[in-house]
Participant: 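Below is a structure I'd like to ask you about.
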Amino acid sequence: MSQVQESIFGGDRSEKRLEKVPLRKAWDMCVQNLRNRRGRYMLVFISIAVVVSFFVITLTYQRMLTELRKNEDVHTRAVMQRAGLVLTDEDAAIKQRDRMIWLLILSGSLAFVGVTNTMYMSVTERYREIGTLKCLGALDGFVVQLFIIESVLIGLVGSTIGALLGFILTLLQVGMTLEFGLLGWRVVLVGFGAGVPAAILGGTVLTVLASIYPTVAAARMKPVDAMRVEV
Amino acid sequence: MAVTREIVRTHDVVKTYYMGTEEVHALQGVTTSISAGEYVSIMGPSGSGKSTFFNMVGGLDKPTSGEVYIDEVDVSQLDVYELAWLRCRKIGYIFQTFNLIPVMNAIENVSLPMVFAGKSSDECRDKAAELLKKVGLGDRLTHRPIEMSGGQQQRVAIARSLANDPAIILADEPTGNLDLKTGQEIIALLTQMKEEQGVTIITATHDHKMLAASDRVVWFTDGKVVRVQNREELNIQVGTIDGED
């Protein structure tokens, strides 16, 4: 019936170690995974995009107003006056600044909670999958690598969509409360610079940080325990 | 018949879990040995420690004390790379709940262990298709698990477990989630793989259908081996429902 099989650990022990899977392969798997899960990730993108855009709106809108206030042009002043956005004295300026800081803290923490919770859930619901991958011979490092690449991609895409969306909404807000004619290139550029890059960077970093903890925890678990986790 | 070789040997394996402050003695000194090419069933009621034993043999968990030897190598002495190599190349796992990756189709699922083993994409795809044909799913190559029945999913899992031509297949309650007829088909498939590939099959089960296919049955109770029966000692003249046997 069966022939004698060669011994599992026969020969050179140094060859009986698993090599690291090349980064290219991890990248392929991530892209494949994102494509296959697009329905599920649509929700993740939306949650990240919504909170990031809220953050961008608060940041950019105030920055643009500040820029407009510097303008000495009579027409601009008149429009701002009509909208009640001209600061008459120092008191009003301080009040305005305090309100802006509050809004920023609020939208910042909302973004933080939104992004971390979304990523945390999307990793923990895959504990079983991580356990299976480990049973099939994935090294801990590979699992972590896989999820980090994935979260960078999710973070970048989600935050970029959110930041651009937020910026467009801000332009609409300024245009509608004041006048679209006031949106000169200078005001637009200043607003863009104040919010968009920071939000994309912050959103991405937050997304990656939020997924590192559950990923490392899952990768370190014994495969049997990871598969047993009920989410 | 070829010379038999011990492929799995355990010596006085003890496993104690801590659930809160309470100690659970899952295994209390298990000493067994399994030869290459054998089909061994581990029987016992749930909570008897068979799954725990199983995880020890598969290198998925480490014993509290005692040794597990896979092909005369002490598993607890292996570093992570060696352990991953063992899991990837030499052991195939089959689970009660199939554990396929839901977003991957059949070919991609079967390819996974080969990807980890560092094979090229073309090689993976060809071998995966070949294995899927062998388990009778030649027409389901690009189906996702959700588009397949339980029996078909378990077939994919069997194909996946064979991906790197392992020496041992560990099947934890492989028929537990399947109906009687499908369960029998899966057992027949496992037996066929044993004959064709000469792979050692170890299953944990409390399904009495699986006895008929086994060369040997190891009975567990309360974390101990209480009885070992060879095929000849088993009274396996159990009638089947459709009466084919």
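In what follows, chains are A, B, ... by sequence order, proteins preceding strands, each numbered from 1.
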Participant: Between B/E130 and B/R125, does any NZ, NE, NH1 or NH2 come within less than 4.0 Å of an OD or OE carboxylate oxygen?
Facilitator: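 The answer is no: the pair does not qualify as a salt bridge.
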Participant: Between chain B and each of A/G131, A/A138, A/C135, count heavy-atom pairs under 4.5 Å; write down the option with the most.
Facilitator: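 Heavy-atom pairs under 4.5 Å are most numerous for A/C135.
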Participant: Contact part of B/L112 toward chain A, heavy-atom cut-off under 4.5 Å: side chain, backbone, both or neither?
Facilitator: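 For B/L112, side-chain heavy atoms alone lie under 4.5 Å from chain A.
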Participant: Under 4.5 Å heavy-atom distance to chain A, tell me which part of B/E108 shows up: side chain, backbone, both or neither.
Facilitator: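 Side chain only.
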Participant: More than 12 foreign heavy atoms under 6.0 Å from CD of B/E22: is that the case here?
Facilitator: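 No, because the 6.0 Å sphere around CD of B/E22 holds 12 heavy atoms or fewer from other groups.
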Participant: Side chain, backbone, both or neither: which part of B/D61 has a heavy atom under 4.5 Å from chain A?
Facilitator: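 Interface part for B/D61: both.
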Participant: Under a 3.5 Å distance rule, please check whether B/E173 uses its side chain to pair with a backbone N or O of B/T205 as donor and acceptor.
Facilitator: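 No; zero donor-acceptor contacts below 3.5 Å.
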Participant: Among A/L139, A/N33, A/D28, A/D140, which residue forms the greatest number of heavy-atom pairs with chain B at distances under 4.5 Å?
Facilitator: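 The answer is A/L139.
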Participant: More than 12 heavy atoms of other residues, nucleotides or ligands under 6.0 Å from NE2 of B/H11: is that the case?
Facilitator: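 Not buried by this count: 12 neighbours or fewer within 6.0 Å.
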Participant: Please classify the contact between B/D79 and chain A as side chain, backbone, both or neither, with a heavy-atom cut-off of under 4.5 Å.
Facilitator: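 Interface part for B/D79: side chain.
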Participant: Got a donor-acceptor contact below 3.5 angstrom from the B/T64 side chain to the B/T16 backbone?
Facilitator: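 Yes; judged by distance alone, with no hydrogens or angles, the pair exists.
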Participant: I'd like to know if B/K127 and B/D165 make a salt bridge, using a cut-off of under 4.0 Å between side-chain N and carboxylate O.
Facilitator: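 Looking at B/K127 and B/D165, the cut-off is met.
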Participant: Counting heavy-atom pairs under 4.5 Å to chain A, which of B/E72, B/R89, B/M104, B/R144 comes out on top?
Facilitator: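 Looking at each option in turn, the highest pair count goes to B/R144.
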